[in-house]
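Encoded as structure tokens, the structure appears first; notes follow it.
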Amino acid sequence: MAVTAPPVRPVRPVPQVITDTVVKPRQTKRWVEWVTTTDHKKIGIMYLVLTFVFFLLGGIEALLMRVQLSVPNSTFLTGERYNELLTMHGTTMIFLFVVPIMAGFGNYFVPLMIGARDMAFPRLNAMSFWLLLFGGIVFYCTLFFNPPEAGWWSYPPLSSIQFSPSGGQDAWIFLIHLTGISSLLGAVNFYATIANMRAPGMSWGRLPLFVWAILVYAILLIIAIPVVAAAVTMMLTDRHFGTHFFDPTAHGAPVLWQHLFWFFGHPEVYIMILPGFGMISEVIPVFSRKPIFGYKAIAAATVVIAFLATLVWAHHMFASPLPIVVMGFFMLSSFLIGVPTGVKIFNWISTLWRGSLMMTTSLYFAIGFIAIFTIGGITGIFLATFPVDWQLTDTYFVVAHFHYVLMGGAVFSIMAGLYYWFPKITGRMLNEPLGKLSFWVMFIGFNMTFFVQHALGLSGMPRRIYTYGPGLGWSTYNLISTIGSFILGVGILLTIINVARSLRVGKIAGPDPWKGNTLEWFTPSPPPPNNFDVIPRVRSVEPMRDIRRQVERETGVTQKTGGSERFARV
Amino acid sequence: MASAVAVALLLAPAAFANFITPKAGGSPNANKIDSLYKIILYIAAVVFMIVVGTLVYSMFKFRAKKGAVAAQIHGNTRLEVSWTVAAALILVAITVVTFVKLGGIINPPNSNPGVVLSASTTQPTPPNGKQVTICVQGRQYIWRYTYGSGCLNNYFTNKLPYSYQEMEAPAGATVVLDIQSTDVIHSWWVPSLGGKVDAVPGYTTYTWFKALHPGLFHGQCAQLCGRNHAAMTALVNVVPPAQYQAWLNQQQRLITQANDRVGALRQYLTQSGQL
């Protein structure tokens with residue numbers, strides 16, 4: 001651009017909040033500040049750190065199981081230890097990692113993205129976090145006594161007092177209650193915040209897609225959590241107070257538990273993945289330098305998925321005593337959910353199409369997510385076809401399927417979100433080459449671990465067995481899978497190193513390193529406690545882009561960003 | 001990669017059996033599940049190629065270059081409606097195929113002529129109502145099989161022959177399994193002979209197989225049933241009908257002999273005051 005003396009105006013690259021640092025005498029110790037905080041950003045950071053710790057614990061449990069399964073007739077673990085690890089891994093990853101880490105991202109970014117100064121109920125928000133912590137502590141204390149052994153699905157009668165007499169099962173019930181209340185309070189808070197505290201001009205049609213996802217996440221939690229809360233309470237009274245809801249020896253029904261549990265359990269799957277979809281919907285347009293393709297379709301698909309998510313639970317129970325007509329219904333409803341999910345995938349790819357892709361680590365993870373999630377979605381169709389499911393359910397095929405959806409889906413989207421938002425949270429950039437290395441190691445390790453598990457399931461290996469004999473054709477696949485799992489672990493470790501390094505020596509990010517679209521990039525990095533001194537009026541789905549354009553129009557100077565240009569091959 | 005997957009698909013029935021397709025070959029229901037699976041697999045492979053192909057293409061084609069400007073497209077209603085409809089149509093096709101195949105998977109055929117050994121009226125039933133009934137009872141951590149109709153009503157007083165872990169079955173006969181559990185939930189599964197059926201205490205579930213040829217089929221409990229779940233294996237030894245009948249008679253004789261010996265011992269112990 002030819003710079004020919006534009007009309008003189010003070011150049012301000014990006015609208016800055018002028019009072020971003022308020023000097024006040026420190027009255028409280030730093031840890032007291034963290035413990036007593038009601039600031040959504042601090043609570044968000046605590047959520048992210050705590051859930052990541054649980055992610056590592058769950059990951060170590062997974063690696064121990066993979067070591068046990070690497071060779072036939074291994075004696076590394078006993079059946080008892082293996083069942084404990086299996087229960088802890090599943091419970092940790094679902095209740096203490098994926099669901100709450102989405103609440104962590106939501107906590108930090110929902111108020112910023114909708115132009116609010118905090119959540120609607122800040123103290124309730126703090127309570128959500130502390131309940132989660134206590135839930136995790138209650139559960140992990142069982143390590144010193146008897147961890148639960150009946151699996152994260154805890155089917156009775158195996159989880160009844162007769163077959164699981166230890167207190168570990170009760171600790172599991174307590175964990176479900178504590179994290180359930182935590183999620184419910186968080187959900188009510190998100191709903192109230194999004195419904196009432198949006199910036200002027202931000203109509204429902206201008207809500208960022210991540211916020212749409214968190215809104216639907218909240219609604220699904222409100223629908224699903226009370227059901228599992230009731231079910232585990234019934235289990236508790238069965239175990240200790242003489243009721244027989246699930247006890248077949250007294251005309252109770254073990255299958256009733258399965259219905260109640262999966263009525264919660266399947267929406268739970270979408271509770272875990274929809275916020276991930278939301279992050280992908282934020283990351284892809286920013287790094288394609290293009291508006292999201294079909295905003296309304298993606299938002300609508302999110303809502304439709306949530307609706308259908310409450311109608312598909314029995315596809316987890318195709319081997320249970322169910323009439324064929326019921327199986328047919330749940331097959332069809334499960335197929336239906338493939339349509340809005342497919343729509344989202346097509347829309348993301350169309351957003352990349354004819355864009356100008358800045359290949360950042362965040363976009364690497366987003367694209368990796370689409371490829372992996374597509375496989376997970378397709379294997380879902382096999383499992384939804386109930387006659388085929390009779391061969392596949394409860395085998396390693398299912399393990400592969402849901403790790404493609406949750407590990408490859410949710411975790412890769414979390415990684416995309418982490419690399420995208422880390423500069424906003426800390427004010428420093430993550431190292432891009434190290435991030436890309438982490439991506440490739442994770443991508444290879446992930447596919448090595450889980451792709452062969454499809455083959456394991458098809459060749460007849462059931463889930464949840466702690467060992468197997470030689471000569472069944474499973475040994476090679478298992479060894480490959482175990483090696484892959486350690487590669488995957490190294491990949492995750494690289495990101496941890498990246499984070500630890502960047503916290504101290506990362507490049508300063510500036511307020512808007514990526515040329516973002518949404519309002520969180522309007523604030524300094526990290527944002528001040530009140531987020532916004534002035535809340536801008538929102539005129540489109542991409543308010544930050546409008547602001548940037550307006551400044552360019554008024555100053556005639558192309559807006560520089562906080563340093564992301566060096567990643568683009570310009 | 002596309003060609004590699006294509007080759008893999010072509011070779012699927014032979015070299016890659018059990019790698020990308022389920023186990024089959026023992027019984028018509030397992031074979032029909034396998035062929036249904038393959039139809040879905042072919043459709044899925046095409047969808048996967050298109051989606052990931054487009055993804056990879058755009059990743060290289062639209063990488064930021066000097067002077068390249070991203071097209072500011074917000075959407076395309078006609079395109080979006082058409083891929084929604086296309087996705088739905090694929091699923092309708094899979095639904096139709098599934099229901100076409102379903103009958104062969106859930107309804108047992110008649111036994112081969114001349115190999116019918118006993119008859120009962122327990123469901124599911126082949127068209128001529130003649131079948132071999134075997135009761136399968138799951139317990140921590142072993143499968144117990146009771147042979148013959150009426151096995152569901154009383155395991156012990158009918159003096160039916162029974163065995164543990166290894167099931168004998170006649171080739172060519174339609175075998176109906178009545179599945180129960182005495183303690184926790186187990187899941188009956190012999191991959192080559194068909195899909196899983198849970199054994200849930202308080203319920204009776206059913207499945208069937210019609211072994212196409214003699215052979216030894218391996219299976220395993222597929223629902224976590226406790227610490228030794230991994231050891232709860234099952235073997236189905238399919239033998240010619242005459243051999244099956246001979247085995248039943250022998251088993252019956254051995255059980256009777258053992259019962260007689262136990263009875264005699266009990267009588268001796270009672271009379272001598274030790275019991």
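A note on names: the letters A, B, ... follow the listed sequences, proteins ahead of strands, and every chain is numbered from 1.
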Tell me, for [X] versus chain B, whether the close heavy atoms (under 4.5 Å) come from the side chain, the backbone, both or neither.
| X | answer |
| --- | --- |
| A:Tyr155 | side chain |
| A:Met317 | neither |
| A:Ile292 | backbone |
| A:Thr385 | side chain |
| A:Ala150 | backbone |
| A:Arg354 | both |
| A:Ile378 | side chain |
| A:Phe318 | neither |
| A:Pro285 | neither |
| A:Tyr82 | neither |
| A:Val541 | neither |

Kindly check if the number of other-residue, nucleotide or ligand heavy atoms within 6.0 Å of CZ (A:Phe163) is above 12?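 Enclosed.
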I'd like to know whether NE2 of A:His251 has more than 12 heavy-atom contacts from other residues, nucleotides or ligands below 6.0 angstrom.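 Atom NE2 in A:His251 is not packed in, count stays at 12 or less.
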Atom pair [atom1] ([X]) and [atom2] ([Y]), whose distance is rounded to the nearest 0.5 Å:
| X | Y | atom1 | atom2 | answer |
| --- | --- | --- | --- | --- |
| B:Lys65 | A:Leu357 | NZ | CG | 8.5 Å |
| B:Thr205 | A:Leu322 | OG1 | CG | 11.0 Å |
| B:Thr98 | A:Leu332 | OG1 | CG | 9.0 Å |
| B:Thr233 | A:Leu472 | OG1 | CG | 9.5 Å |
| A:Asp394 | B:Trp189 | CG | CH2 | 9.0 Å |
| B:Ser58 | A:Ile367 | OG | CD1 | 7.0 Å |

[X] versus chain A, the contacting section by heavy-atom distance below 4.5 Å:
| X | answer |
| --- | --- |
| B:Val200 | side chain |
| B:Ile90 | neither |
| B:His218 | side chain |
| B:Tyr37 | both |
| B:Glu80 | side chain |

Flag for A:Arg464-B:Gln223: side-chain donor and acceptor within less than 3.5 Å: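 A pair is found: one side chain offers a donor N or O, the other an acceptor, under 3.5 Å apart.
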Over all heavy atoms of both residues, which pair between [X] and [Y] is shortest? Give the atoms and the distance, please.
| X | Y | value |
| --- | --- | --- |
| A:Ala371 | B:Phe48 | O-CE1, 4.5 Å |
| B:Ile105 | A:Pro387 | CD1-CB, 3.6 Å |
| B:Ala70 | A:Ser288 | CB-O, 3.5 Å |
| B:Pro191 | A:Gly460 | CG-CA, 4.2 Å |
| A:Val388 | B:Ile40 | CG2-CD1, 4.3 Å |

Describe, in one word, how the ring planes of A:Phe346 and B:Trp83 are oriented to each other, choosing from parallel (under 30°), tilted (30 to 60°) and perpendicular (over 60°).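 Rings of A:Phe346 and B:Trp83: tilted, 30 to 60°.
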Could you tell me whether the side chain of [Y] reaches within less than 4.5 Å of the side chain of [X], counting heavy atoms only?
| X | Y | result |
| --- | --- | --- |
| B:Leu91 | A:Ile381 | yes |
| B:Phe62 | A:Leu352 | no |
| A:Trp353 | B:Tyr57 | yes |
| A:Pro254 | B:Tyr203 | yes |
| B:Gln72 | A:Pro291 | yes |
| B:Ile185 | A:Pro157 | yes |
| A:Met359 | B:Met59 | yes |

Heavy-atom pairs under 4.5 Å with chain A: which of [options] has the most?
| options | value |
| --- | --- |
| B:Ala71, B:Ala199, B:Ala87 | B:Ala71 |
| B:Ile179, B:Leu102, B:Ile73, B:Thr95 | B:Ile73 |
| B:Asn76, B:Asn228, B:Thr204, B:Asp183 | B:Asp183 |

For a side-chain contact (heavy atoms from CB on, under 4.5 Å) check, start with the C-alpha distance between B:Ile106 and A:Trp390, then their side-chain angles and the critical distance, and finish with the verdict. CA-CA 11 Å; B:Ile106 57 174; A:Trp390 289 335; 3.4 Å; yes
Does [X] reach the main-chain N or O of [Y] with its side chain, forming a donor-acceptor pair under 3.5 Å?
| X | Y | value |
| --- | --- | --- |
| B:Lys196 | A:Thr393 | yes |
| A:Gln391 | B:Asp34 | no |
| A:Asn83 | B:Gly226 | yes |

Pairing residues for A:Phe369 by the ring pair (Phe, Tyr, Trp, His ring centres under 6.0 Å) criterion, not counting sequence neighbours: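 By the ring pair (Phe, Tyr, Trp, His ring centres under 6.0 Å) rule, A:Phe369 matches A:Trp348, A:Phe373.
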B:Leu224/A:Trp153 under side-chain contact (heavy atoms from CB on, under 4.5 Å): CA gap, chis, key distance, verdict: CA-CA 10 Å; B:Leu224 182 71; A:Trp153 61 98; 3.8 Å; yes
